[in-house]
Amino acid sequence: MIDKNLYLDRNKTVIFGIFENPDSFLETVGKVHSKGVDIIDCYTPFPIHGIEKAMGLKRSLLPIGAFISGSLGFIGAGSLQYYTMTYDWPIIIGNKPSFGVSFVPVWFEGTILFTAFGLALLFFIRNKMLHGKMPSERVDMRQTDDRMVVAIASDNPAINKSELTDMLFNGGAVEVKERTNHGYEDFTDVNLTRNN
Amino acid sequence: MIHDSAIRTQLVTGEKTLHDVTTEICRPIENKPSTSWKVGFVLSVIFLGILGLTLAITTLFGIGTWGLNKTVQWGWDITNFVFWVGIGHAGTLISAILLLFRQKWRMSINRSAEAMTIFAVMCAAVFPLFHMGRLWVGMYWVLPLPNAFGSLWGNFHSPLLWDVFAITTYFSVSLVFWYLGLIPDIATVRDRATTAGRKFWYNFFSMGWTGSVRTWNRYEVVSLILAGISTPLVLSVHTIVSMDFATSVVPGWHTTIFPPYFVAGAIFSGFGMVLTLLVIVRKVMNYQDYITIGHLEAMCKVVMLTGTMVGLAYITEFFVAAYSGVVYEQYAFINRATGPYWWAYWSMMTCNLIAPQVFWFKWARTTPWFIFMLSIVVNVGMWFERFVIIVTSLHREYLPSGWVMYSPTIIEIGIFVGTFGLFFTCFFLFSKFLPVINMSEVKSILKNRE
């Protein structure tokens, strides 16, 4: 898989296909990928199911992160209760054992709390999301509204540019453009047209 | 790909395009507030002021300003606490449990229901916090910090401390879930923003979201896991609230049916409040195409089912009291139905068990004004349920010398009314500054995508 940030590098060129219909978008992305073309990324206003397969994305490892952070919560809540109520200062209340089922609720809640917060934190780290961060890949201002964008490296060994352009147009793209990046939000766009 | 059923009705009507969804849902954010919004907001802020005033009086003079007396130590205060926590249950139920069950009708209502959850839990928190009297000392009564005079820790055997953990976990996990769902929509507002202020703030909260498929892919994983852990969390919260009562020896409280009964009641009251809000929201904000009669009907069915479950629990309690042969239990229940607070008991029975049965009729489930009226009845009924459980049990305990009557003071009434101010102030702000309907989810269920 090509580095996602590739096209942001200086003077790298990327071809963007802009679509308005999610079904034809999904179909075209699948076709482009099956040709052996590396897709840098796609941008959609809503989650399109099946596109991760069409793009050839691997399964996310976040569930493992969730499990680890949940385990930390499990150990944390358990040891807090054990330390305070059993080890440090055991108190017999209502003849309940100093280590027993009355620890279950807090144990459970602690596990849930850590899972949720750990997972959310890992999600933000993995996506490099931060409050106030400027969006890095806004190809079309309507990509969060009603347009879907596919980003493909233009110097692709598997397919030549005109063939790719035609493929995108035939798949239902409303616009295909080639962008050369010079810096942040500093680029030159060339609109590509259908060849035949 | 969407595979539509030929039989099912559309979830979003009006032949919307993707762009229609964006413009219509962003409209209140991008335009000046309407007169009805302003009037409602000012009214809410006035009630919020009442809350501030009554809480200031409570803090200055102590909880002696409340009508709580020796035996009914938990009068309106904990009644209102349980009332609000119960309301808070619909939001996460809709977004988590219905997500696991793949109920797509949740998509147009989950955002506002989750917001309602968060605001309701905030209102609920007011009561136990101020019930501690000296709030500033109370912080180490609830947190597991060593006592200043030695190493005496918070008591983890106590259901009250479980409740602290349950409610703070519930509040913060609901907040995380809500905020994660909001990020893509905040980014949509950001990309449409025309003013500098809106550009800055929506950019700040959108965290650089671009709608990249890699991010969406992870987002879906996170949603699913959060839904999976929130489901037992929702059930645990009201279970633990019920244990505040059930683990005691007070007749009428010492009941093993409490956890499922409280959870059903919480879902019932939560859906009651969701209906109260959404019937108004869809009308005032003109969202009838998103929150359709079909949505209202589905929620009415949940209300009817959970209302009947709650009613069954009321009757079971009576049977178990009679069958137990314990005179104290038997007296507690006879006293509820025929004692000095009989009117509260029968209001509860009428509002919660009998009234929702009208939802067997299709007309009742599909007429918004009628649903609105009935949702108010449900809210009232569920408030009375908590009042009945708390006050009738405490005012006639084992020792006849402790038998008293309880009535709230003006300060208690003020705090309760004031929490509605807090709730609606938050809700009005939410409806002005954030998309009330989850745009990105609704876009994925549009039938007409051309």
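In this text, all values refer to a predicted model and were calculated from it rather than measured experimentally. In what follows, chains carry the letters A, B, and so on, assigned in the order in which the sequence lines appear, proteins first and then strands, with residues in each chain numbered from 1.
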* Asked: Which answer fits V222(B), side chain, backbone, both or neither, if we ask what part of it has an atom under 4.5 Å from a heavy atom of chain A?
  -> both
* With a 4.5 Å cut-off on heavy-atom pairs, point out which of G50(A), P63(A), A77(A) contacts chain B the most. => P63(A)
* To do: Evaluate side chain to side chain contact (heavy atoms under 4.5 Å, CB included) for E52(A) paired with E220(B), printing each intermediate quantity in order.
  => CA-CA 11 Å; E52(A) 65 284 349; E220(B) 297 266 286; over 6 Å; no
* Using a 4.5 Å cut-off on heavy atoms from C-beta on, say whether the side chain of W162(B) contacts that of V104(A). => no
* Asked: Non-hydrogen atoms of chain B under 4.5 Å away: do they reach the side chain of L113(A), the backbone, both or neither?
  -> both
* Asked: Looking at S60(A), A116(A), C42(A), which makes the most heavy-atom pairs under 4.5 Å with chain B?
  -> C42(A)
* Structure fact -> Whatever's closer than 4.5 Å to a heavy atom in chain A on S158(B) counts as neither
* Of all heavy-atom pairs between M129(A) and S206(B), which one has the smallest distance, and what is that distance? -> CE-O, 4.3 Å
* Asked: Any salt bridge between D191(B) and R142(A), counting N to O under 4.0 Å?
  -> no
* To do: Establish, from distance only, whether the side-chain atoms of T188(B) and D145(A) form a donor-acceptor pair under 3.5 Å.
  => no
* First locate atom OG1 of T144(A), then atom CE of M439(B), and finally report the distance between them rounded to the nearest 0.5 Å. => 8.5 Å
* Could you tell me whether Y398(B) atom OH has more than 12 heavy atoms of other residues or ligands within 6.0 Å of it? => yes
* Asked: Which heavy atom in S440(B) sits nearest to a heavy atom in P45(A), and how many Å separate them?
  -> CB-O, 3.5 Å
* Structure fact -> If one checks every heavy atom of R126(A) against chain B at 4.5 Å, the contacting part turns out to be both
* Asked: Hey, what do you get for CZ (F46(A)) to CD (E441(B)), rounding to the nearest 0.5 Å?
  -> 12.0 Å
* To do: Could you tell me the separation between the CG atom of L61(A) and the CZ atom of R218(B), rounded to the nearest 0.5 Å?
  => 9.5 Å
* Beyond-backbone contact of D146(A) with T17(B), side-chain heavy atoms, under 4.5 angstrom -> no
* To do: Side chain from CB out, backbone as N, CA, C, O: work out which of these in F67(A) comes under 4.5 Å of a heavy atom of chain B, or both, or neither.
  => neither
* Which answer fits L233(B), side chain, backbone, both or neither, if we ask what part of it has an atom under 4.5 Å from a heavy atom of chain A? -> both
* Against chain B, work out which of S98(A), P105(A), G110(A) has the most heavy-atom pairs shorter than 4.5 Å and name it. => P105(A)
* To do: Give the minimum heavy-atom separation between F156(B) and M85(A), together with the two atoms involved.
  => N-SD, 3.2 Å
* In this structure, are over 12 heavy atoms from other groups packed under 6.0 Å from W253(B) atom CH2? -> yes
* Asked: So, the side chain of Q143(A) versus the backbone of T210(B): is there a donor-acceptor pair under 3.5 Å, distance only?
  -> yes
* Asked: For the side chain of W216(B) and the backbone of T44(A), is there at least one donor-acceptor N/O pair under 3.5 Å apart?
  -> yes
* With a 4.5 angstrom heavy-atom cut-off, could you sort out which part of I229(B) is near chain A: side chain, backbone, both or neither? => both
* Asked: Taking all non-hydrogen atoms of both residues, which atom of F117(A) and which atom of V176(B) are closest, and how far apart?
  -> CZ-CG2, 3.8 Å
* Tell me, with the steps shown, if E109(A) and S236(B) meet side-chain hydrogen bond (donor to acceptor under 3.5 Å, both in side chains). => CA-CA 8 Å; E109(A) 303 294 338; S236(B) 82; 2.7 Å; yes
* List the atom of D41(A), the atom of S212(B), and the distance in Å for their closest heavy-atom pair. => OD2-OG, 2.6 Å
* How about I48(A) and S444(B): do any of their side-chain heavy atoms sit closer than 4.5 Å? -> no
* Proximal component of P90(A), with respect to chain B [non-hydrogen, under 4.5 Å] -> neither
* Portion of P159(B) that has a non-hydrogen atom of chain A nearer than 4.5 angstrom -> neither
* Asked: By a 4.5 Å heavy-atom criterion (distance strictly below it), what part of N217(B) contacts chain A: side chain, backbone, both, or neither?
  -> side chain
* Which value, rounded to the nearest 0.5 Å, describes the distance between H19(B) atom NE2 and E20(A) atom CD? -> 10.0 Å
* Partner chain B: residue of H131(A), Q81(A), R59(A), M148(A) with the largest heavy-atom pair count (under 4.5 Å) -> H131(A)
* Y219(B) and F123(A) aromatic ring geometry - parallel, tilted or perpendicular at 30°/60° bounds -> tilted
* Asked: Can you tell me how far the CE atom of M55(A) sits from the CZ atom of R214(B), to the nearest 0.5 Å?
  -> 5.0 Å
* Asked: Where on I183(B) is there a heavy atom nearer than 4.5 Å to chain A: the side chain, the backbone, both, or neither?
  -> side chain
* Take atom OH of Y87(A) as the centre, draw a 6.0 Å sphere, and report whether it contains more than 12 heavy atoms from other residues, nucleotides or ligands. => no
* Structure fact -> One should read off an interatomic distance between F108(A) CZ and T239(B) OG1, to the nearest 0.5 angstrom, of 9.0 Å
